[in-house]
Each structure stands twice: as structure tokens, then as C-alpha cells.
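All heavy atoms count here, side chains included; hydrogens, waters and symmetry mates do not. Lettering follows sequence order; numbering is per chain, from 1. Since this is a predicted model, take the numbers as computed values, not measurements.
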Amino acid sequence: MLNDSINSLNPEQKKAVLTTEGPLLILAGAGSGKTRVLTHRIAYLIEQGVRPYNILAITFTNKAAREMKERVCAITPEGDDVWVSTFHSSCVRILRREADKMGYDSRFSIYDADDSERLIREILKGMNISDKVLKPSSVLAEISAQKDKLIGPEKYAKLTEKDFRLKKISDIYTAYQKHLKSNNAMDFDDLIYVCTELFRTRPDVLEKWQDRFRYILVDEYQDTNASQYRLVSMLAQKYGNLCVVGDDDQSIYGWRGADIRNILDFEKDFKDTVVIRLEQNYRSGANILNAANAVIKNNVMRKTKTLRTAAGAGNMLHFYRARSDIEESAFIAEKIAEGVSHGGRYSDYAILYRNNSLSRVLEEGLIRAGIPYRLFGGVRFYGRREIMDILSYLKAICNPGDDMPIRRIINVPKRGIGDTTVAKLAEAAEENGISFYTALLSADAVPSLKGKTKQLEKFAELLVDLRDKAESESVSELIEDILDDTGYRSELEKENTDEARGRLENLQELVNKAVEYEQDNENADLAGFLEEVALVADVDAYTDNADTAVLMTLHSSKGLEFPTVFIAAFEEGIFPGFRAITSGKASDMEEERRLCYVGITRAKEELYFTSARERMQYGSRVANLPSRFLEEIPPDIVEHLSDDRAATENRRSFAYGANRVRPKPVNSYRMPEPKQAVTDFGPGDKVRHIKFGIGTVAAMEEKRDGSFEITVDFDNMGRRTVNSAFANLKKV
DNA sequence: TTACTATGGATTTTT
DNA sequence: TCCATAGTAA
């Protein structure tokens, strides 16, 4: 059965499956069936007598890991014993067993990005540095970048001696790392970093794990950073059976430390590497592939690779330039409605955009047209305030030695313990060399906190009480208790707003997740739940079984495919983004181009690029030119829906290209206020609306932007208020 | 301590 | 525009 399955692969895929020994680099173009290859490869290894236990498969998302595991298990039951997990969870699993060798307790907690940033703020405050001078997020980014490059605090200090600003960051880095260590905590980067340190300093431990993982596979290899690369190469050193799969053209996380050289230089780093190119695309029509190939061809930093397809030309691509962002969203909504009315499903449609702030106007268009949709990204579920609050309670209960979570929730809900009190407590803790929690328990001994003893005692009691309950209760029960005992739930219920109701729903969802976790894990405990929660992302929740259109950023769309794709706001200054245009670095523009390539190759049948002549951005009206990437696509495969020659001409004369004249930032050009929307009707007149039919105008109100809010009593739809800027009412 | 107003800043975010 | 944070008044 496995043999039949392997025989149905194309020659390159087959070779990739059968080449089991030695270093192997698989350059897998978009839609070339790489997951199929990987799963077959694992199954084949097992069939060849490799123990599943000796195989490690690394993916970037939990979702990918889950899917791969399922697919392997579908071929062979033994697949269940293969380690399929993300870099981070693999490292956690290793470190839980080896933590003591690196001076950590095996119950170390994991800081997510928010925890880390809060800690940085804390340190900045302690060092009396304004967060205007050094932005916590950029400090964190710098520290993260160093860890990714395996540069520890000491080494960084040496490197930055001469630069005043960097010297400061170096001090913060040192303090940050010290805090993590003393709180028995690791941030995301540490998970990898500490693991590599462990392997570097303890050859005996390394060898143990080398013997364990004789066959290693890494997916999305183009997205690995230096530390991940180091980790993998150390593990693979002894047996040399390292298979990496990636597509340099889909490297879109360079800004997060992903080092494209990992893939470009793989052959240099691993002698006798076998390179296999999967260029046969099974996803899209030829026009779409040609567009993708044509765009990516403009990048210099890449391994040459051209996608082929056996499919026919397929449909033309479409470009539409609307008058405004609102009209653009209306166009997209209309196209979806049209498609669905011809028998399509909402879930056939994906709307992709460069950044999250663009989602709102697009959503509004869908809402107006009554199209069901789901939005991915934006605020992460686990990033929501109410979720983080309750998780902080859980963390405080689980690991009271960690100050951060307690400090977060000490006054949530409000219980009269303010910043000054917290600062005093922290000081007392510092002076006595005890944890914040211990200081809290004996707060009555601190004279300066006299007036607050009552509140502090009550809070301490609450925590002790909850810790007690945690001993005997399941995680979900504990969450319920936290919600009740702290008054968190009743507070939200009292608020009685839509927002509060939404928060309550989210909290219920958190309880559900806990229940799910308990059902899935035999030895479920609080620490395990927190770990799981720390290492999941929202995209992990994406499923295609709901019949709704999907909105997400281009970044999140990687790895997915849809019959019809809209790439919205395809404009200079947005995509490519303002920063990539002005930075002058060719590599920035190349990454934008790869993102464009990713977007294009998500489409199976139809691909629309949409843009607007002017749009609201940051509160003001801006006019952007169509994206330069549009001109990189052969014109004969793009249908211009807006018959907009003038704009195209305009673009031609615009000197662009980061390597030539640096263009004026397009965002700085402000459009004059629009002409007053002309209407030839007024209250009492009969009008026709494209969707709502005939009605009588009841009222008209001029808006600041010159358009009109028009209230109409429709014969069939009742009273509706529409805006003249997009409603297109006609007098009858 | 909290609740209000002014101000400034604003990609992308697999873990 | 919309958000988070800093500063100020009660």
C-alpha cells in the first residue's frame, strides 16, 4: 500500500522520499506537494526498519505538526511514536528533562512576548530610562535578535562597548537575562538558545540526543534562524541524516531573524548534500504560476527555480482600481456574492492584505453585503486582556516564584492596590532577597505599607486560597473559581456592554480549552496547560470546514490555498510597504516581493488584485499608486477591470526602484478634500438602490467628508441609512 | 488610587 | 482612525 502510494509520486518527489541517508535539501516550490513527500518519507523510513522513536520532524506551527502527524499515522500506525513538533516544543521537551544541567528547575515557566515586554519596561523604569528614548519593543527585538544569533549578554557587552546606545541595551539585556534566570523562566528565544548551550557545553548530553534522533526532518527551512540552524546541525552531526525542506522564495520572516542563507548555503555547510527541486505545481492554473514566476524573477538573492504546471492556462488574473477603499471593499464583496449566487461557497474566498489595519474597511464591505466571514490574526486569543489576566492568575498559582504574573493581577479587578504600593512591595522583596509573593505574604511587617495592610492581606488570602484549590481541582474548575472568587466575572456582568459580553464569551472559551486539554491528556495538570497555551498561535485554529470567507494578512496565509484569492490594497506604500520603499535596502524590497509571491501562489483558480485611488489611513486621506509588483506581471495575463489607462501611464513615468531614484514617500501626499457628492434628489424623492430596491428618501445629512448619510424608507426592506459615497442611489 | 484628557505613534508575528 | 500610555484632577 505504501509502495503504491510512493509510485504515484512524480520522479522528484519519489527521489525525495527514497533518499533516506545523508544530507538532503528539498527545494519545494509552492503547491508542489511537499507535505505529501514529507509524510511519505517518514512512513518509508519506518518501513525500512527505522524505529519511529528515532525520527524527529520539526515544523513551525503546531497546526502543521498536528496535520503531519495525522497524515503519517494514516499511512502507518507506528507514526504515533515519531516526534513531530515545533522547534519550541521540541526544545521544551528536551529541557524539561535536562534543565538542571543548565541551572534551571525543570518546572521553569515560559514567557511569551507580552511577558517579555513587560519585563523590559520594568527594567527600563528601574534604570531610569524613558521608554521614549529606548522603545521597549525595539529593545526586546534587539535582545531577541542577539539570542537568535546565539550571542549571550557577556558577548554582547563586549561587542557594544563603543556604542553608547547599544551599551545601554546591553545592560538591559544582562538585567533581563538575570531576571529570567532568577525567576526560573525562559522566553521563546531562550528555549532554543539554552538548548544549544546545553548541547555545546555537555557533549555527553548532546550525544544522547543525537543517538535518539537519527533521522531529522525540518519543514519550512527557509524560516529558520541561526540558533535553530545551530540546534539542528548539532543534533544531526553524528549520523548526518538531515533532510530539510523549504522554499527560499517563500522566506517572509527575515525581520524576525529567519536567515535565508540557511537555505542558500545548505550545500556548503553539509558536504555531499543531495539537492532535489520540486517544481511541479499541483495547485494553480498556468496564468497564476506565470505571474508568480514573473514577479519572483526580479529577486537577485535566490536559487533559480521555476514552477511548472500540467494544468491549462486557467483564468486571467484581474486588476481593479476603485475610487476609494470603501468601493474597493464593495467590489470584493460583490464578486463574492456573485460567485456564491452561481453555486460557489463562501469558503472558496480569501481576502489577503499587507497589514491588519486594512481589515476593518474590508470587513465593513462584507458586512454591508451580508457575507459571512472569519478574520484571522489581529489580536491573538491568548493576547486578549481578559485571557491574559486569568492566565496570569494561573501562572501566579503555578509558579509563585515568578513575580511578573502576580504583579499583573494584584490590582485586577481593582482592589485599591496601586503602583506605589506595588513598588514598595517590590522594593521590600528586593532588599530581603525574597520573591514578590513572599513579600506579599508578610506585607504587614513593612512599615511603609501600613495603610494598605488590609487590602494586601485580603489579596494574599485570595491567592493562598486559590493555590489550595489548585491542589485538588482540575484546571477548568480552577478557572471557574478564579472567575468567581476574584469577582472578575461579576464585574464584567455588571458592565453589561457588548464588549463585556464578548470578554465573557472569550473566558468561557478559555474554560472550554481547559476542558479539551483535560480530555486530551491523561496526566493533565496546571503546568501542562500553561505550557500548551504558551506555545500555540491563532492560525493553529484555522480550519476550512466553516463556510465563510476568510480575511487574513499575507503572512498568515502561507501554507494555505483557496480557489479565489483577493490581494487587497495592492498599492505603493502599502504593498510594498512604505518602509521597504524608503529603507533603500534591496533585501527589504525582495522580502516584500516574496510576500507577493506567497500571496499569488495561494490562488488555485481566480486571483484578483485590488486597489483604491484614495483611502483613509491613520485618519487622513491618502492617494497611492498601484503596486509596482503589478508591472512585473506580464500584462497579457491581467485583465484590467477598471479600464484605468491613465493610472498605468502615471505609474510608468514614476521613477521607482529602490536601487534607482528614491521615490517620494507616497503616504506624505495628501489629497485635497473631495468634491461634494452630487445628488439630484432630496427628501421625498423616490430612489432606486442596487440591492434594496425602490424607496423614498426620508432624510439627508451631509457628512464632514462631503458625502451624504441618506435615510431611505425602502418599499421592501424598511428604513435603511446608506452613504452616498458608495450606495449609488438613482432617482426614479 | 482612580478616572479622565492630551498626546504621539502606527508592518508583518509561525513560537 | 484608533490605540496605549502619560499626565492631571478629584
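- One interatomic measurement links the two molecules: CZ of A:R593 to P of B:dT11, which rounds to 22 Å at whole-angstrom precision.
- Nearest to the side chain of A:R256, among B:dT13, B:dA10, B:dT12, sits B:dT13.
- Which of B:dT11, C:dC2, B:dT1 sits closest to the side chain of A:T420 comes down to B:dT1.
- Residue A:G418 is classed as a sugar-phosphate contact, given heavy-atom separations below 4.0 Å to backbone atoms only.
- Of the two residues near DNA chain B, A:L554 and A:V422, the one whose nearest nucleotide lies more 5' is A:V422.
- A:F629 has its ring centre less than 6.0 Å from the ring centre of A:F575.
- Contact annotation: A:T553 side-chain N/O to B:dT13 OP1/OP2 distance is under 4.0 Å.
- Taking a 6.0 Å sphere around CG of A:D419, one finds it holds 12 or fewer heavy atoms contributed by other residues, nucleotides or ligands.
- Among the atoms of the strands shown, only primed sugar atoms or phosphate atoms (P, OP1, OP2) are found under 4.0 Å from some heavy atom of A:N356.
- Side-chain atoms of A:W255 lie closest to B:dT13 of the nucleotides B:dT14, B:dT13, B:dT11.
- Among the atoms of the strands shown, none is found under 4.0 Å from any heavy atom of A:Q222.
- Within the 4.0 Å cut-off from OP1 or OP2 of C:dC2, not a single side-chain nitrogen or oxygen of A:S357 is found.
- Spacing between atom CG of A:D114 and atom C1' of C:dA4 amounts to 13 Å, rounded to whole angstrom units.
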*Just do the side-chain hydrogen bond (donor to acceptor under 3.5 Å, both in side chains) check on A:D190 and A:Q177 with the steps written out, would you?*
CA-CA 9 Å; A:D190 278 340; A:Q177 218 47 42; 3.1 Å; yes
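- If you measure from atom CG of A:L358 to atom P of C:dT1, you get 16 Å, rounded to the nearest angstrom.
- Base engagement by A:Y253 is indicated by at least one non-hydrogen atom pair under 4.0 Å involving a base atom.
- Cation-pi geometry between A:R230 and A:F199 is not met: the NZ or CZ atom fails to fall both under 6.0 Å from the ring centre and inside 45° of the normal.
- The side chain of A:S556 contributes an N or O atom lying less than 4.0 Å from OP1 or OP2 of B:dT13.
- Note on A:D419: only backbone sugar-phosphate atoms sit closer than 4.0 angstrom, heavy atoms only; bases stay farther off.
- Whole-Å rounding puts the A:N411 CG to B:dT1 C1' distance at 8 Å.
- When heavy atoms are screened at a 4.0 angstrom cut-off, A:G577 is found touching no nucleic acid atom at all.
- Looking at heavy-atom distances under 4.0 Å, A:N355 makes contact with sugar-phosphate atoms alone, never a base.
- Comparing A:L595 and A:F188 by the nucleotide of DNA chain B whose heavy atom lies nearest to each, the residue mapping closer to the 5' end is A:L595.
- Under the 4.0 Å criterion applied to side-chain N and carboxylate O atoms, A:R66 and A:E70 are not assigned as salt-bridge partners.
- Summarising the geometry, the separation between NZ on A:K414 and C1' on B:dT1 is reported as 9 Å, rounded to the nearest angstrom.
- Between A:E499 atom CD and C:dC2 atom C1' there is a gap of 13 Å when expressed in whole angstrom units.
- Counting non-hydrogen atoms under 4.0 angstrom, A:T59 reaches nothing in the nucleic acid.
- The separation between A:H555 atom NE2 and B:dT13 atom P is 7 Å, rounded to whole Å.
- Atom SG of A:C91 is separated from atom CZ of A:R93 by 11.5 Å, given to the nearest 0.5 angstrom.
- Closest contact between the side chain of A:R121 and the listed nucleotides C:dC3, C:dT5, B:dT14 involves C:dT5.
- Computed from coordinates, the A:K135 NZ to C:dA6 P distance equals 14 Å when rounded to whole Å.
- Of the listed residues (A:I58, A:L191, A:N62, A:I94), just one forms a side chain to side chain contact (heavy atoms under 4.5 Å, CB included) with A:S89, and that residue is A:N62.
- Glycosidic conformation, B:dT12: anti, with the torsion outside 90° of 0.
- By the criterion of a centre-to-centre distance under 5.5 Å and near-parallel planes under 30°, the ring of A:F578 forms no stack with the base of B:dT11.
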